[in-house]
Amino acid sequence: MPDTVPDRANSSVLDVEAVRRDFPILSETVYGKPLVFMDSGASAQKPRQVIDAMKNCMEHQYSNVHRGAHYMSAATTDAFEQARDRVARFLNAATPDEIIFTPNVTAAMNLVAHAYGRAFLKAGDEVVVSEMEHHANIVPWQMLAEATGVVLRVAPVEDDGSFRIDRFAELLNDRTKLVSITHCSNVLGTNVPAKEVARLAHAAGAKVMFDGAQAVVHGPVDVQDIDADFYGFTAHKLYGPSGLGVLYGKLDILNSMPPFLGGGDMIDKVSFSGSTYKDAPHRFEAGTPAIVEAIGLHAAIDYVADLGFDAIQAHEASLRDHAHERLGAIDGVRLIGTAPGKAAIISFLVDGLHPYDVAAVLDRQGVACRVGHHCAEPLMDRLGVIGTVRASMALYNTIAEVDALAAAIEKAKKMLA
Ligand SMILES: *Cc1c(COP(=O)(O)O)cnc(C)c1O
């Protein structure tokens, strides 16, 4: 048997056609053409396992959590807490109490900036981010800086999108109190060596947070191995529902932090002479949480875990390599972000063509890409571009779809020439 034929018995090979059948939306057509969905970096599509879990919850087992003294409330609370437990195992947290449900990863960053930043950082202390951060990992720190006089420092990236650990290390000093860096760039696909970042941050006496919005989708994350103090991600990019994010924090740090939002569910006792708060995670979950969404995230994590990151990574690496090869061979196409070992997030420009025009032609071919600054304006400035077209791949994309992307770019060149 030629070695190009995948061995179906080998669990490290992804059966992409079987995977695609799990995602109902992938059989849709747009403008009479098959949908080629390459905007999963903005939000991923959902497998029917996630849709069914959420539907099942709403049809058969739904109530508010942590309060009612009745069957449905107990059952829903159980399912909700099992979702927390599943997330804890997914990240290898030491205990589910380290898992806080938030509305999205943006809220996770804001929670840390408010509850940790305002309590423990003071004027002159330094927070280090990188040039390739999403606005969600810039603006909360700028707001903290305005409120407290904390100083923001920025670790540079190379022209090819690589993160230079030595240049990052040079920024650290005894004023550095917090490092908050993306684990994987949503524009460039660059993977940041999180464990090394954490080691250096800790050696400088700083706490470290990672924005894992992209990283958890493309590879396994072990917060204890990394030794992250905080780690955030967002469910909707991990094939789960929108409206839910996760903040992991080390338990002793979380319990040392004051609450961020106040209200129901987060208190121990309330009176007009003062209130006391629960411990983590509930201290940071004021109000009714995203119940159905948490159950959906549980199903999404099970889905990804069943396929296995070995298979997912091998498949996505082949998509990335094929995309770099095909797009790189098109005259005038410039790939933005070619760091070694990057994720299958392909940003590019076509010489002489506005990225919005290119994306519009791709769209008419059924190829859905994102275009613009990707919520990373400082990175666009650093790279000297107004924006990029971004084809962000997921476990359900195929080599044939990458070929369709390349063909659509050729068409855009002809039409817009
Ligand atoms: C998408 C994304 C975010 C923001 O996610 P939300 O769900 O909108 O909060 C933050 N960081 C990175 C790296 C992202 O890709």
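All residue numbers in this chain count up from 1 along the given sequence. In listed order, ligands and their atoms are each counted from 1.
- Remark: Arg164 engages Asp166 in a salt bridge, criterion side-chain N to carboxylate O under 4.0 Å.
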Where does ligand 1 get N/O contacts under 3.5 Å from the protein, atom by atom?
| unit_1 | atom_1 | unit_2 | atom_2 | d |
| --- | --- | --- | --- | --- |
| ligand 1 | 7 (O) | Thr234 | OG1 | 2.7 |
| ligand 1 | 7 (O) | His236 | NE2 | 2.7 |
| ligand 1 | 9 (O) | Val105 | N | 3.3 |
| ligand 1 | 9 (O) | Thr106 | N | 2.9 |
| ligand 1 | 9 (O) | Thr106 | OG1 | 2.5 |
| ligand 1 | 11 (N) | Asp211 | OD1 | 3.3 |
| ligand 1 | 11 (N) | Asp211 | OD2 | 2.5 |
| ligand 1 | 15 (O) | Gln214 | NE2 | 2.6 |
| ligand 1 | 15 (O) | Lys237 | NZ | 2.7 |

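- For Ala42, the side chain to side chain contact (heavy atoms under 4.5 Å, CB included) partners at least two apart in sequence or on another chain are Asp39, Arg370, Arg390.
- Side-chain polar atoms of Asn186 and His134 form no donor-acceptor pair below 3.5 angstrom.
- Counting only residues at least two apart or on different chains, the ring pair (Phe, Tyr, Trp, His ring centres under 6.0 Å) pairs with a member in residues 294-315 are Phe23-Tyr303.
- Among residues two or more places apart in sequence or in another chain, the side chain to side chain contact (heavy atoms under 4.5 Å, CB included) test is passed with Thr234 by Asn104, Val105, Ala213, His236, Lys237.
- Classification of the His135-His373 ring pair by plane angle, with boundaries at 30° and 60°, yields tilted.
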